[in-house]
Amino acid sequence: MIDTVVIGAGHNGLVAAAYLAAAGQRVVVVERDSIPGGAVSTVERFPGYRVDRGSSAHLMIRHTPILEELALADHGLRYIDCDPWAFSPASDTHEPIIFYKDLDRTCASIENACGAADAEAYRAFVAVWSERSAAMMSAFTSSPSPIALGKAFWGLQGRIPGKGASSGLGLSQEFLMSGDSLLDYWFESEQLKAALAWFGAQSGPPMNEPGTAPMVGFAAAMHTIPPGRAIGGSGALTEALVRKLEADGGEVRLSAAATALEKRGDDWLVRCEDGSEQRARSVVSACHILTTLKLLRAGGFDSATADRWAAQIRVGNGIGMAVRLGGTALPSYRGIGDDAGVHSALGLLVTDRGQLARAYADASAGDLPRRPALVAMSYSAIDPTLTPAGHHSTSLWAQWHPYRLSGGRSWSDLAAEAAAGIVAELDRHAPGFSDSIEHTRIQTPADLETELGLTGGNIMHVEMSLDQMMIWRPHPEMAQHRIPGAPGLVLAGASTHPGGGVCGASGRIAATAVLAGRRSTLSKITRGRWG
């Protein structure tokens, strides 16, 4: 008898499965794709090139105890610190800003580009928001509730220079304010504000939305633990999770898409497209929440209720698209050059927030951005295993590009035009780079849906706006990682708290829920910083 079936071999599903198998459960993971990992996977896109299908830098999971608790280093996982972890390019009037793990070096760069006042303001900003970001990560330890949130943020104060400590209400207001308002409060330089706004916008919402301040504030945590680049590609995390799972007796079945979830007495029956059936005491559904609801309907769950939930979950109109490049050179950025150090970093290729606002406005109208906002990553500079000798790869993530285009247009018609615009924007900051390109792989919002199962092209599954986070994610009635009327079914994945990104927290929460009656066993595994 199988103890638990996990639907979806994305990193959250694999994290859940690994914890369960380590606790002694018999676990089977079923996955629709022919390779595991979903958006945390790396494949040969061009001859001799290992290219990520989704994520590239891992910002959050290294701020959790998951890697240590599952001993993934013992299963081959190695990270390189991204240090520097970000940079803002030079403009006609300003020097570049380079963000290092070391705060002093970062402040020196900010002073050189923006002046002493903003350098000192940034130092104070990091002091305040590093503590707040740690509390925020602590809040990701369990399903959200007023008690859990209160515990995570208890005793936290602001220590804002010249303003004293924030009251509880003042602190909550700061968490609920927009990222742009937070930046305007702290800084004067538009270049610095644009870089931090673009960092925060990687969660999806524009930084003028309420509740986006913590997305900007999380930059402070990068001075404690910077983003990590897994050696061999983002998928090295998935590969280590699979090895850990299999070492503990778990199994991953690929090309086995679930088609129905049916309650059978005290058990669940999971039917798959390949004709197989798995019967288990519990199920962790780590796929998109809309897919989970579809599976429940197919298994006889009340359709009216499932339809109501689905209608109230906001998937949105996509976030962006990616262009993967292979060629003979690294980008040589204005004012920086092609030094390998800077290629460990997220290239935050914007210099003013107006560019972000215009790109978002264009996407909201269903149009391509007239000037796309880019994050550039060239990790072959720090990991030569990714490309043939003498060659390099660069991944470009561009926001905002809509899933649904205006005027009935199709992404099959606009993909090449959109990619050309993205490469041209990179050339603006690294003149002549396009001459070195030999291979191009385009991933439009439609491609992200087709290949990776990202409904609506949304890499976060569900919008990361205030109304879809914490106790509202993916729906107030499902915010505890459970579905009313479906006992034994636990939710995981980006659709659930704490949301998208490479974090693994929802998988850990799901495993905790499944093992709720076996706390002594679980406690032997979860002895990390989160307790």
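Throughout, residue positions are numbered sequentially from 1 according to the sequence presented.
- Between His497 and Phe140, the angle of the ring planes goes over 60°, which puts this pair in the perpendicular group of the 30/60° scheme.
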*Carefully, step by step, assess Ser234 and Thr42 under the rule side chain to side chain donor-acceptor pair (under 3.5 Å).*
CA-CA 6 Å; Ser234 185; Thr42 304; 5.3 Å; no

*Let me see the working for Trp85 and Phe218 under ring-ring contact (aromatic ring centres under 6.0 Å, His included), right down to the final yes or no.*
CA-CA 13 Å; Trp85 58 266; Phe218 191 62; 9.6 Å; no

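- Atom CD1 of Ile422 and atom CD1 of Ile442 lie 8.5 Å apart (nearest 0.5 Å).
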_Applying side chain to side chain donor-acceptor pair (under 3.5 Å) to Asp367 and Ser406, what does each step give before you reach the verdict?_
CA-CA 6 Å; Asp367 297 328; Ser406 64; 2.6 Å; yes

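- Residues Asp447 and Thr450 have side chains that never bring a donor and an acceptor to within less than 3.5 angstrom of each other.
- Defined by atom type and a distance below 3.5 Å, a donor-acceptor pair is present between the side-chain atoms of Tyr79 and His58.
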*Dump the intermediate steps for side chain to side chain donor-acceptor pair (under 3.5 Å) on Asp467 and Ser465, then the final yes or no.*
CA-CA 6 Å; Asp467 63 311; Ser465 53; 2.6 Å; yes

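- Less than 6.0 angstrom separates the ring centroid of Phe175 from the ring centroid of Trp129.
- Applying the ring pair (Phe, Tyr, Trp, His ring centres under 6.0 Å) test to every pair with at least one member in residues 434-461, sequence neighbours left out, gives these pairs: Phe46-His439, Tyr49-His439, His288-His461.
- Taking a 6.0 Å sphere around CD of Glu188, one finds it holds 12 or fewer heavy atoms contributed by other residues, nucleotides or ligands.
- In terms of heavy-atom proximity, Pro84 sits nearest to Ile98 at CB-CG2, 3.6 Å.
- Between His223 and Tyr122, the ring center distance clears the sub-6.0 Å criterion.
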*Could you go step by step and tell me if Asp352 and Gln191 meet the side chain to side chain donor-acceptor pair (under 3.5 Å) rule?*
CA-CA 6 Å; Asp352 70 87; Gln191 182 188 11; over 6 Å; no

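- Expressed to the nearest 0.5 Å, how far CD of Glu449 lies from CD1 of Ile459 amounts to 14.0 Å.
- For His11 against Cys503, the heavy-atom pair with the smallest separation is NE2-N, 3.2 Å.
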*Going through the distances and angles, do Arg123 and Asp104 end up as a salt bridge (Lys or Arg N to Asp or Glu O under 4.0 Å)?*
CA-CA 8 Å; Arg123 187 182 299 277; Asp104 289 336; 2.9 Å; yes

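- Atoms CG and CG, on Leu183 and Leu192 in that order, are 7.5 Å from each other to the nearest 0.5 Å.
- A donor-acceptor pair shorter than 3.5 Å can be found between the side chains of Trp397 and Gln399.
- Checking Ser41 against Thr238 by side-chain atom types alone, no donor-acceptor pair falls below 3.5 Å.
- Taking both residues in full, the closest heavy atoms of Ser344 and Cys82 are given as O-CB, 3.1 Å, listed atom of the first, atom of the second, then distance.
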*Go through the steps to decide whether Arg62 and Asp81 satisfy the test salt bridge (Lys or Arg N to Asp or Glu O under 4.0 Å), and finish with yes or no.*
CA-CA 10 Å; Arg62 300 211 307 165; Asp81 279 353; 2.6 Å; yes

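- Heavy atoms of other residues, nucleotides or ligands lying less than 6.0 angstrom from CZ of Arg409 number more than 12.
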_Test log, rule salt bridge (Lys or Arg N to Asp or Glu O under 4.0 Å), inputs Arg353 and Asp184_ = CA-CA 11 Å; Arg353 288 175 294 173; Asp184 288 338; 2.8 Å; yes

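- Not less than 6.0 angstrom separates the ring centroid of Phe199 from the ring centroid of Phe99.
- Closest of all the heavy-atom pairs between Asn12 and Ala505 is OD1-N, 3.9 Å.
- Among all heavy-atom pairs drawn from Ala376 and Leu396, the shortest one is CB-CD2, 3.7 Å.
- Salt bridge status for Arg229 with Asp383: absent, with no side-chain N to carboxylate O gap under 4.0 Å.
- Checked against a 6.0 Å centroid threshold, the rings of Tyr379 and His392 do not count as neighbours.
- Taking CG of Asp362 as the reference point, atom CG of Leu368 lies at 8.5 Å (rounded to 0.5 Å).
- At distances below 3.5 Å, at least one donor-acceptor pair connects side-chain atoms of Trp400 with backbone N or O atoms of Gly204.
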*List the steps, then state whether salt bridge (Lys or Arg N to Asp or Glu O under 4.0 Å) holds for Arg53 with Glu44.*
CA-CA 10 Å; Arg53 295 204 300 168; Glu44 187 177 61; over 6 Å; no

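- Thr385 and Arg50 are not linked by any side-chain donor-acceptor pair at a separation below 3.5 angstrom, with hydrogens and angles left out of the test.
- Of all heavy-atom pairs spanning Ala113 and Ile97, the tightest one is CB-CG1, 3.7 Å.
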_side chain to side chain contact (heavy atoms under 4.5 Å, CB included) evaluation trace for Val51 with Val43_ = CA-CA 5 Å; Val51 179; Val43 297; 5.5 Å; no

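- A side-chain contact (heavy atoms from CB on, under 4.5 Å) with Pro227 is found for one member of Met222, Met377, Lys101 and no other, namely Met222.
- Formation of a donor-acceptor pair under 3.5 Å by the Gln443 side chain with backbone atoms of Val323 is not found in this model.
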